[in-house]
Amino acid sequence: IPAGSFRMGDLSGIGHDDEKPVHEVRIGYNFAVGKYEVTQAEWKSVMGSNPSSFKGARNPVEQVSWYDANAFVAKLTKKTGKEYRLLSEAEWEYMTRAGSTTEYPWGDRIDRSKAKYDSKSTAPVGSYSANAFGVHDAIGNVWEWLEDCWHWNYDGAPSDGSARTKPCVWRSLRGGSWSS
């Protein structure tokens, strides 16, 4: 994902309070993300088990906690010798928007041809078109854990792409899921 700037938050004005105020973020570095969500096969090869309810090697792993996700990236780092980590909330939104200013990367409306939501199970990764950065399924299918602590709003949020890690009661999730 190339370095760049974007306006983070509820650009439409109809979102939730935790998406406001809209603020400018400058990510001054390139970063890499998986083209797809972590599959059950990938999770099992690193962690040795598959906690998912909706079984399928190409389905995204689900039923994992923030601690599980961090254990996965720690083991993956050790196994490969390359550093892996969870994205910050700003990195996630920048990656997902991929230059768009609409509610979703593809426009202002969501439908079942664009994302897996309001369903009874997940879909195999890559079932939906990639965004302009080549990343699939950032919206829907499974919630995605982030490094940030959840806050009631974006007051005081970093403007450099870093994670907001204090104070921390809950962790942030983004992207929606197969059920919502």
Side-chain angles (χ1 to χ4, degrees), residues 1-16 18-43 56 58-62 69 72-73 76 80 82-119 121-148 150 153-154 157-164 171-180:
I1 307 297
S5 297
F6 75 110
R7 292 178 61 223
M8 182 173 174
D10 173 28
L11 302 179
S12 70
I14 58 171
H16 299 280
D18 64 351
E19 301 171 294
K20 298 173 184 170
V22 172
H23 60 287
E24 189 76 19
V25 174
R26 167 93 178 110
I27 298 177
Y29 50 87
N30 297 340
F31 61 100
V33 299
K35 182 177 179 176
Y36 305 109
E37 299 146 319
V38 175
T39 67
Q40 293 174 32
E42 290 166 331
W43 184 275
R58 293 284 308 150
N59 284 18
V61 68
E62 25 86 16
F72 174 82
V73 294
L76 188 59
T80 65
K82 296 178 181 178
E83 185 179 349
Y84 290 87
R85 63 174 175 80
L86 299 180
L87 294 177
S88 71
E89 190 167 7
E91 289 168 337
W92 184 92
E93 187 165 328
Y94 178 68
M95 173 274 301
T96 301
R97 285 186 183 278
S100 71
T101 57
T102 53
E103 189 168 356
Y104 302 100
W106 55 79
D108 288 322
R109 296 190 185 269
I110 191 169
D111 65 61
R112 286 183 178 75
S113 72
K114 306 280 190 221
K116 183 74 167 188
Y117 67 97
D118 195 22
S119 182
S121 67
T122 59
V125 301
S127 292
Y128 300 94
S129 299
N131 67 14
F133 287 150
V135 179
H136 294 257
D137 310 331
I139 304 295
N141 220 13
V142 291
W143 288 105
E144 299 180 20
W145 285 112
L146 304 170
E147 188 60 32
D148 295 67
W150 183 85
N153 58 45
Y154 285 146
S159 61
D160 62 357
S162 62
R164 185 159 53 161
R171 292 293 179 164
S172 291
L173 289 163
R174 293 294 292 269
S177 75
W178 54 272
S179 66
S180 62

How are the rings of Y154 and H23 set relative to one another: parallel (under 30°), tilted (30 to 60°) or perpendicular (over 60°)?
perpendicular
The reported gap from NZ in K116 to OG in S179 (rounded to nearest 0.5 angstrom) is 11.0 Å
Say whether, by atom type as modelled, one donor and one acceptor occur between the side chain of N131 and the main chain of M95 under 3.5 angstrom.
yes
Could R85 and E147 be called an ion pair, given the rule that one side-chain N must be under 4.0 Å from one carboxylate O?
no
So do the side chains of T96 and V135 get within less than 4.5 Å of each other, counting heavy atoms only?
no
Do the side chains of D108 and E103 get nearer than 4.5 Å, heavy atoms only?
yes
Taking all non-hydrogen atoms of both residues, which atom of T101 and which atom of L11 are closest, and how far apart?
O-CD1, 3.5 Å
Is it true that atom CZ of R7 has more than 12 heavy atoms of other residues, nucleotides or ligands lying nearer than 6.0 Å?
no
Heavy-atom pair with the smallest gap, counting every atom of P158 and S162:
CB-OG, 3.3 Å
Compare every heavy atom of D137 with every heavy atom of G126, then report the nearest pair and how far apart it is.
N-OD2, 2.6 Å
For W92, ring-ring contact (aromatic ring centres under 6.0 Å, His included) partners two or more places apart
none
Evaluate W106 against I139 for side chain to side chain contact (heavy atoms under 4.5 Å, CB included), listing each step before the verdict.
CA-CA 10 Å; W106 55 79; I139 304 295; 3.8 Å; yes
Taking C-beta and beyond as the side chain, do L146 and R174 meet within less than 4.5 Å on heavy atoms?
yes
Does the side chain of I27 reach to within under 4.5 Å of the side chain of I1, using non-hydrogen atoms?
no
Sub-4.5 Å side-chain heavy-atom contact between L87 and F31
yes
Atom pair OG (S159) and CZ (R26), whose distance is rounded to the nearest 0.5 Å:
11.0 Å
So, the side chain of N141 versus the backbone of A123: is there a donor-acceptor pair under 3.5 Å, distance only?
yes
Shortest non-hydrogen pair, L86 vs A69, comes out as CD2-CB, 4.0 Å
Check this for me, if you would: do E89 and R164 make a salt bridge, where the nitrogen-to-carboxylate-oxygen distance has to be below 4.0 angstrom?
no
Looking at D18 and N153, would you say the former's side chain and the latter's main chain have a donor-acceptor pair under 3.5 Å?
no
List the atom of S5, the atom of E24, and the distance in Å for their closest heavy-atom pair.
CB-OE2, 3.5 Å
Any sub-3.5 Å donor-acceptor pair from T122's side-chain atoms to W178's backbone N or O?
no
Min side-chain heavy-atom separation W143-S180 under 4.5 Å:
yes
One should read off an interatomic distance between W145 CH2 and R171 CZ, to the nearest 0.5 angstrom, of 9.0 Å
If we ignore hydrogens and angles and just use 3.5 Å, is the side chain of E37 paired with the main-chain N or O of V125 as donor and acceptor?
no
Would you call V25 and Y94 a side-chain contact if the rule is heavy atoms closer than 4.5 Å?
no
Shortest non-hydrogen contact from I110 to A115?
CD1-CB, 4.1 Å
Is any side-chain heavy atom of D118 closer than 4.5 Å to one of R112?
yes
Do the side chain of H136 and the main chain of Y128 share a donor and acceptor less than 3.5 angstrom apart?
yes
